[in-house]
Engineer: 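I'd like to ask some things about the structure below.
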Amino acid sequence: MTPQLAMAQALNAALSDAMREDDRVLVYGEDVGPLGGVFRVTDGLAAAFGPQRCFDAPLAEAGIAGTAVGMAMYGLRPVIEMQFDAFAYPAFEQVVSHIAKLRNRTRGELTLPLVIRIPYGGGIGAVEHHSDASEAYYVHTPGLHVVAPATAQDAYSLLRAAIASDDPVVFLEPKRLYRHKGEVARERPAEPLGRAAVRRPGTSATLIAYGPAVPVALAAAEAAADTEGWDLEVVDLRTLVPFDDETVTASVRRTGRAVVVHEAAGFAGFGAEIAARVSQRCFHHLEAPVLRVTGLDLPYPPPLLEQHHLPDVPRVLEAVAALQWPETGSTS
Amino acid sequence: MTPQLAMAQALNAALSDAMREDDRVLVYGEDVGPLGGVFRVTDGLAAAFGPQRCFDAPLAEAGIAGTAVGMAMYGLRPVIEMQFDAFAYPAFEQVVSHIAKLRNRTRGELTLPLVIRIPYGGGIGAVEHHSDASEAYYVHTPGLHVVAPATAQDAYSLLRAAIASDDPVVFLEPKRLYRHKGEVARERPAEPLGRAAVRRPGTSATLIAYGPAVPVALAAAEAAADTEGWDLEVVDLRTLVPFDDETVTASVRRTGRAVVVHEAAGFAGFGAEIAARVSQRCFHHLEAPVLRVTGLDLPYPPPLLEQHHLPDVPRVLEAVAALQWPETGSTS
Amino acid sequence: MSVTSRPGPAPPGTHEMLPGAEPVRLLDAAGRWVGTGTPPDAGLRRELYRRMVLGRQFDRQATALGKQGALAVYPSSYGQEACQIGATMALRETDWLFPTYRDSVALVARGIDPFEVLTLMRGSWHCGYSVRRHRTAPQCTPLATQCPHAVGLAHAARLAGDDLVSLSFIGDGGTSEGDFHEACNFAAVHRVPTVFLVQNNQYAISVPLAAQTAAPTLAHKAIGYGMRAALVDGNDALAVYTTVTEAVERARAGGGPTLIEALTYRMNPHTSADDPTRYRSAEEVAVWSGRDPLDRLAAHLRAEGLLDDATAAAYTAEAEALAAGLRDRMRQPPALDPLELFDHVYAAPTPQLREQAAELAARLGRHAS
Amino acid sequence: MSVTSRPGPAPPGTHEMLPGAEPVRLLDAAGRWVGTGTPPDAGLRRELYRRMVLGRQFDRQATALGKQGALAVYPSSYGQEACQIGATMALRETDWLFPTYRDSVALVARGIDPFEVLTLMRGSWHCGYSVRRHRTAPQCTPLATQCPHAVGLAHAARLAGDDLVSLSFIGDGGTSEGDFHEACNFAAVHRVPTVFLVQNNQYAISVPLAAQTAAPTLAHKAIGYGMRAALVDGNDALAVYTTVTEAVERARAGGGPTLIEALTYRMNPHTSADDPTRYRSAEEVAVWSGRDPLDRLAAHLRAEGLLDDATAAAYTAEAEALAAGLRDRMRQPPALDPLELFDHVYAAPTPQLREQAAELAARLGRHAS
Ligand SMILES: Cc1ncc(C[n+]2csc(CCOP(=O)(O)OP(=O)(O)O)c2C)c(N)n1
Ligand SMILES: Cc1ncc(C[n+]2csc(CCOP(=O)(O)OP(=O)(O)O)c2C)c(N)n1
Ligand SMILES: [Mg+2]
Ligand SMILES: [Mg+2]
């Protein structure tokens, strides 16, 4: 029987399996050693693999990202942790000006097998700076892959794939799903990055989501099926870059309607790219404009107000209801 | 007669007028003092206003941005210069986690009248890191205004408006327009930020552009009028945040077709937001999908190849041609 | 701006940029005065102690609220009262304080309503007190980023001819960040009237000092900026108070910045969410328990006849009243208006924010303002 | 990874973390040996000089190409040959060099084809030489960002049990950046086999050292990291070579990192686009003209009988041939394929890049590969 693991445990398993199979893989960051990470994703790795393979660096994100570049240049495969989205910003120059560009700069001579793990997003009642959703900064930076799992299995498989990739990967781990359990088959071969998954087939409209928005989209689809009679398809992007146009476009061409759901602020968020591509590629199939249900265009609110910021089932359903349904179907 | 000034001179005039009118305005950064900036935008300011009002800070962008926060907290109105887009990245944490958020954090008690000037974009034959177009990172960050002038007059007026604003402004100066001349009326009152301008009225389709892409769009419109008989409207956004939905939407509803032009990489670039908004807001008026003509999804190329990356007139015309014109108009 | 370069004290000599071989200590373990000069004024010493008692009790209450889930998180100051309060009391009202998430007790000592202090940790807003009135920046979470703010503010004040000083708190871990480096360097080059106080509590969450630096002490960083250095026993409130006062007054007089390292210990977990048994021993904690800053100052005051049982009891009672009041006020659910979210993004909401506010208002069954 | 913690030299004592009162100088102004030990091997000294002559001529040629517009930009090394070449020659072939945009002459001395060195400045690609073959990172433009790379690489090598050392060049201005701080700190804490060589050429573009630091010297930053420090006359090739060699070999033996400051001067404008008359005086330049590093080493070699007119002429001829060859090759227009742009973004182009490549190919009238 496939064991049930929480997403944090699935990630831990992925790190540990990767470290066991390939001694070039090493893990470092802040509090990832003896403490096992503030979310315990690196729990036990220092003990199992020793302080050379899993250790705490001085508290300096640019330094962590920058030294990882050097390590990758020498043939290691570093997996570094940024403690929260907002604490990756000090490393931004290293990420944008080096990590994303080193392969290109050297005409492919240097590869950069490096994974930047970032506990991602909000919804955990945390104080300021602990709930940012920063994917828009990374997806716009050519040279980076960007991954956001929504299930424990994907957390495992996609992290294995990220570590196996010869390109740098920004790996966004939805904090509020860390304790969500799911079946995790560890023997499954790592899939290539870049494939979306249809989590729920449907015919009325397509919900496009990733990371922590996927369970919201699925819940909305269930609610819509129960109460409104809409049969919503849910596409989980899994990998933001490379983007799986094929799956997304095929779905929307079939359903003719689409809503994008994500947690980050909407303005110039990743949903803008999705909506723009879908609007262009499915132009003649669309019955209604592509809508977006996203975080508000605000600095992340204090935790006691975060529920108003985060997309939830009612907001998704509201958007679906606004998809210009033919008269007959408009009331239920 | 209104004098002709190069854009760099217009910016210099704006700084100098603002400093003269308001002694809370001060200018600092790297090489902005005796040298007058690598593009000479701050030429003469140190001599005219003294080394306290215009000076060179130690070479440290986070330090420059971070000290500016403290200065603004004390009531000054700092205008800081980042030498090139890519050299603003070290300040990213200060910009995102503080500059954009301090007003919000303090429930409006602290305002943050601070301008970050960034020589923006490419097309000047410069080596790596000197030609990035980084607006997507800023426009997605709530709390920041983002401005990109395309004419000498706007460079003057919008910089005055930015300095007058009580909110932080990221001010993107198109490097390759620094030497472009135009009439500059210095006595004109500063306009509020947030208004786009129709640079060329037209009826066939709308070109939406900002900063260095505006002259390209205008040239394309002229070429189209001459050779293809299309009458293209050109909207210059001027201010990216706040976004002037009204002007843009009105134009596209009238023309029914739109092409967005910008220099940054297309994927999840600001053009995605524009295309997504226009697609949604003008859904029933659109005769064709909104297209984007942008930089390629690559690290900025070496200068001898940059012309293949940057939007140019032929690419804009190609996109316009692809706007699903009715059969009769498809050949000329 | 009307600044002229005022003649100030001479720049520091090389020896002043290096800390002494031993930390400055004015009270020995038993609270005996071992300083060379005379101790600070008796009233001040008592007041220091009183605020430490209040601070300790506040911290205990906040820790309890954290455990009960009434706060989103609480990073305790237990053990660091001498640093936080000694330093805060060295400031004038017109000076500016730049605290971190760790420094709630400093804020209470600064006279900020304890309930307002906890707004951030409670999660009802990001800052609950008036920054301007208290001349105290919001508690800063992104490590070391408050340092350049403090430097910029003090520099601006100096340009304006105002004789105020800023003080930034920072942790041992925070000194590893680039922003600390850039702030120190700017301050030293421009001789900014600012003081950096490193509370070296030996850990950055789980990471011990040895994994943070190989320097003889953190105070040894000062000479790399050309700044004065001081190393002080951070559990000795009089030593902290005196050292910070000297640095602040020298800065005020135009003598430039100082980097002070105060040696102390974080007695509690990093925050209510932390499990310190994973990375440090009970023995180590026990050693530091024996160095309690309140006990030390109390012993001193009693030996000097500055504290009797009645006064001590009065302080305790005041502290308990503070805690009880805090507890009570925390019981009231916060009055929060979600629509206020839109009010403080910009001076005036953008058209897009107005649309979003209207949508939220509609969802809440209300009209947008 | 098969690392065990090898017993290495002891960590530095506090006094070793501070530079000497005077910069290390082995040749006086007239080229006389003033060191305590014996000078480096005669062949080596001659080779140093030969490479300096080649470097100087290369630099002159590149500067001319910059002025003619054949290069996008050229940051000259003129005056800094002793630093760049002395340091580079202290490395083994297996060691790694992390240069900046300023260090073209170091790359030539490292044995990289001068034409390939200039690829970045010419603008045909971002790096023109094989990084792996030469164990030389691409020339780095974002200031100080190369330092953590050098640290990470050397740390990885140590983990792998390889006894190599990395050396990063950095400018005086670059030391103000946070990345320098973070790199130094990591290196010292983990005792990484790396050397930081600060070429203090007195200016960061237009900004003089005094606006960059108030420290007694930049080498005084070392003690703040717990690292060994050295201050050296950067126009004395033997002093640079010897000091860097010591640091490199100590690092190799497990003795940890060293921060070296080399005092020198940027004789030319910052780059071909700069106008130094705006910020420095002709007198100042003239003073440093009198301290030319080539002249000093030449005087030494001649006095020691290690350089005669014939050899000098041979070096000059070799240098002129190098420059002429460079000039000729620069005349050929670069063979660039725009479609190659898509090949190196990822290991395999994304579907989106394949689309864009096809579009560009169509525009160029070609088929995408
Ligand atoms: C830039 C940044 N990186 C990481 C964090 C996460 N974080 C919060 S507290 C902390 C440890 C800080 O240690 P120290 O500076 O010693 O202060 P202390 O908590 O001990 O008072 C870390 C890593 C952060 N807040 N900011
Ligand atoms: C992060 C960053 N900020 C700014 C620049 C622009 N810039 C290029 S060279 C330079 C001066 C560097 O001075 P220094 O470190 O002393 O080196 P030198 O040029 O004198 O060799 C500046 C500011 C840059 N390249 N990178
Ligand atoms: Mg600490
Ligand atoms: Mg320099």
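Below, chains carry the letters A, B, ... as their sequence lines are ordered, and counting in each starts from 1.
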Engineer: Can you say whether the rings of B:His145 and C:Tyr346 are parallel (under 30°), tilted (30 to 60°) or perpendicular (over 60°)?
Structural biologist: parallel

Engineer: With a 4.5 angstrom heavy-atom cut-off, which part of B:Glu246 approaches chain C: side chain, backbone, both or neither?
Structural biologist: neither

Engineer: Chain C heavy atoms under 4.5 Å from B:Leu112: which part of the residue, side chain, backbone, both or neither?
Structural biologist: neither

Engineer: Please evaluate residues C:Arg132 and B:Leu110 with respect to the criterion side-chain contact (heavy atoms from CB on, under 4.5 Å), reporting the C-alpha separation (whole Å), side-chain torsions for both, the decisive distance (0.1 Å), and the verdict.
Structural biologist: CA-CA 8 Å; C:Arg132 287 199 188 290; B:Leu110 292 183; 3.6 Å; yes

Engineer: Assess, by modelled atom type and distance only, whether the side chains of B:Glu93 and C:Thr145 contain a donor and an acceptor separated by less than 3.5 Å.
Structural biologist: no

Engineer: Which one, C:Pro138, C:Pro148, C:Ala137, leads in non-hydrogen pairs under 4.5 Å with chain B?
Structural biologist: C:Pro148

Engineer: So which part of C:Tyr129 gets closer than 4.5 Å to some heavy atom of chain B, the side chain, the backbone, both or neither?
Structural biologist: backbone

Engineer: How far apart are the closest heavy atoms of B:Pro242 and C:Pro351, and which atoms are they?
Structural biologist: CB-CD, 4.3 Å

Engineer: Please classify the contact of B:Phe55 with chain C as side chain, backbone, both or neither, using a heavy-atom distance under 4.5 Å.
Structural biologist: side chain

Engineer: Please assess C:Leu153 against B:Met71 for the test side-chain contact (heavy atoms from CB on, under 4.5 Å), listing each intermediate value before the final yes or no.
Structural biologist: CA-CA 5 Å; C:Leu153 184 133; B:Met71 295 194 203; over 6 Å; no

Engineer: Judged by atom type as modelled, is there a donor-acceptor pair below 3.5 Å linking the side chain of C:Gln352 to the main-chain atoms of B:Phe243?
Structural biologist: yes

Engineer: Classify the side-chain pair C:His149/B:Gln94 by whether it contains a donor and acceptor separated by less than 3.5 Å.
Structural biologist: yes

Engineer: Side chain, backbone, both or neither: which part of C:Glu355 has a non-hydrogen atom closer than 4.5 Å to chain B?
Structural biologist: side chain

Engineer: Relative to chain B, which segment of C:Ala150 carries a heavy atom at a distance below 4.5 Å: side chain, backbone, both, or neither?
Structural biologist: neither

Engineer: Would you please test B:Tyr74 and C:His155 for side-chain contact (heavy atoms from CB on, under 4.5 Å) and show each step?
Structural biologist: CA-CA 9 Å; B:Tyr74 202 72; C:His155 187 67; over 6 Å; no

Engineer: I'd like to know if C:Glu116 pairs up with B:Arg107 as an ion pair, taking the criterion as any Lys NZ or Arg NE/NH1/NH2 lying under 4.0 Å from an Asp or Glu carboxylate oxygen.
Structural biologist: no

Engineer: Over all heavy atoms of both residues, which pair between C:His190 and B:Ala57 is shortest? Give the atoms and the distance, please.
Structural biologist: NE2-CA, 4.4 Å

Engineer: With respect to chain B, which residue among C:Thr350, C:Val192, C:Val345 yields the maximal number of heavy-atom pairs within a distance under 4.5 Å?
Structural biologist: C:Val345

Engineer: Identify which part of C:Leu353 has an atom lying under 4.5 Å from any heavy atom of chain B, answering side chain, backbone, both or neither.
Structural biologist: neither

Engineer: Side chain, backbone, both or neither: which part of C:Arg133 has a heavy atom under 4.5 Å from chain B?
Structural biologist: backbone

Engineer: What are the two closest non-hydrogen atoms of C:Ala156 and B:Leu76, and how far apart are they?
Structural biologist: CB-CD1, 3.5 Å

Engineer: Could you tell me the separation between the OG1 atom of C:Thr141 and the CZ atom of B:Arg105, rounded to the nearest 0.5 Å?
Structural biologist: 7.5 Å

Engineer: Counting only non-hydrogen atoms closer than 4.5 Å, does C:Val131 touch chain B with its backbone (N, CA, C, O), its side chain (CB onward), both, or neither?
Structural biologist: both

Engineer: Determine the option with the most heavy-atom pairs under 4.5 angstrom with chain C, choosing from B:Asp166, B:Asp244, B:Asn104.
Structural biologist: B:Asn104

Engineer: Under a 4.5 Å heavy-atom cut-off, does chain B meet the side chain of C:Cys140, its backbone, both or neither?
Structural biologist: side chain

Engineer: Would you mind checking which part of B:Ala62 comes under 4.5 Å of any heavy atom in chain C, side chain (CB onward), backbone (N, CA, C, O), both or neither?
Structural biologist: both

Engineer: Is C:Ser130 in contact with chain B via its backbone, its side chain, both, or neither, using a 4.5 Å heavy-atom distance?
Structural biologist: both

Engineer: Take atom CZ of B:Arg195 as the centre, draw a 6.0 Å sphere, and report whether it contains more than 12 heavy atoms from other residues, nucleotides or ligands.
Structural biologist: no

Engineer: Is B:Phe49 in contact with chain C via its backbone, its side chain, both, or neither, using a 4.5 Å heavy-atom distance?
Structural biologist: neither

Engineer: So, taking the atom named CE in B:Met73 and the one named CH2 in C:Trp96, what distance separates them when rounded to the nearest 0.5 Å?
Structural biologist: 4.5 Å

Engineer: Could you check if a side-chain atom of B:His98 sits within less than 4.5 angstrom of a side-chain atom of C:Pro142, using non-hydrogen atoms only?
Structural biologist: yes

Engineer: Among the options B:Gly143, B:Gly50, B:Ala60, pick out the one with the most heavy-atom pairs lying under 4.5 Å from chain C.
Structural biologist: B:Gly143

